[in-house]
Amino acid sequence: MRGFIAVCWALTVAGCMLGAFLVFSTLYANGAPQQAAAAALACAVTVIPYVFTRAIEGMRGDVKA
């Protein structure tokens, strides 16, 4: 199970990097709707893997609050 959690955290870090790229790509958007869409996509790409990883850890009982 440790290996699966490590893979989940690696995907979370990759999602954060992709989210950062998406945030910086909003600098080249043509208007506010495109900026909002890119920001929402960046949030989704970053938050969803994090929540999934924390849920997996919570089911295992490794959460240290």
Could you list the donor-acceptor pairs under 3.5 angstrom formed by side chains in residues 21-43, with sequence neighbours left out?
unit_1 : atom_1 : unit_2 : atom_2 : d
Ser25  : OG     : Leu22  : O      : 2.6
Thr26  : OG1    : Val23  : O      : 2.5
Gln34  : OE1    : Asn30  : N      : 2.7

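Pairing each heavy atom of Pro49 with each of Ala44, the nearest pair is CD-O, 3.9 Å. Closest non-hydrogen pair, Gly19 versus Val45, comes out as N-CG1, 4.1 Å.
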Apply salt bridge (Lys or Arg N to Asp or Glu O under 4.0 Å) to the pair Arg54 and Glu57, showing each step before the final yes or no. CA-CA 5 Å; Arg54 294 298 288 187; Glu57 284 185 340; 3.4 Å; yes
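Both Ile5 and Tyr50 belong to a common hydrophobic cluster when Ile, Leu, Val, Met, Phe, Trp and Tyr are linked at side-chain heavy-atom distances under 4.5 angstrom.
Among residues two or more places apart in sequence or in another chain, the side chain to side chain contact (heavy atoms under 4.5 Å, CB included) test is passed with Thr53 by Cys8, Trp9, Thr12.
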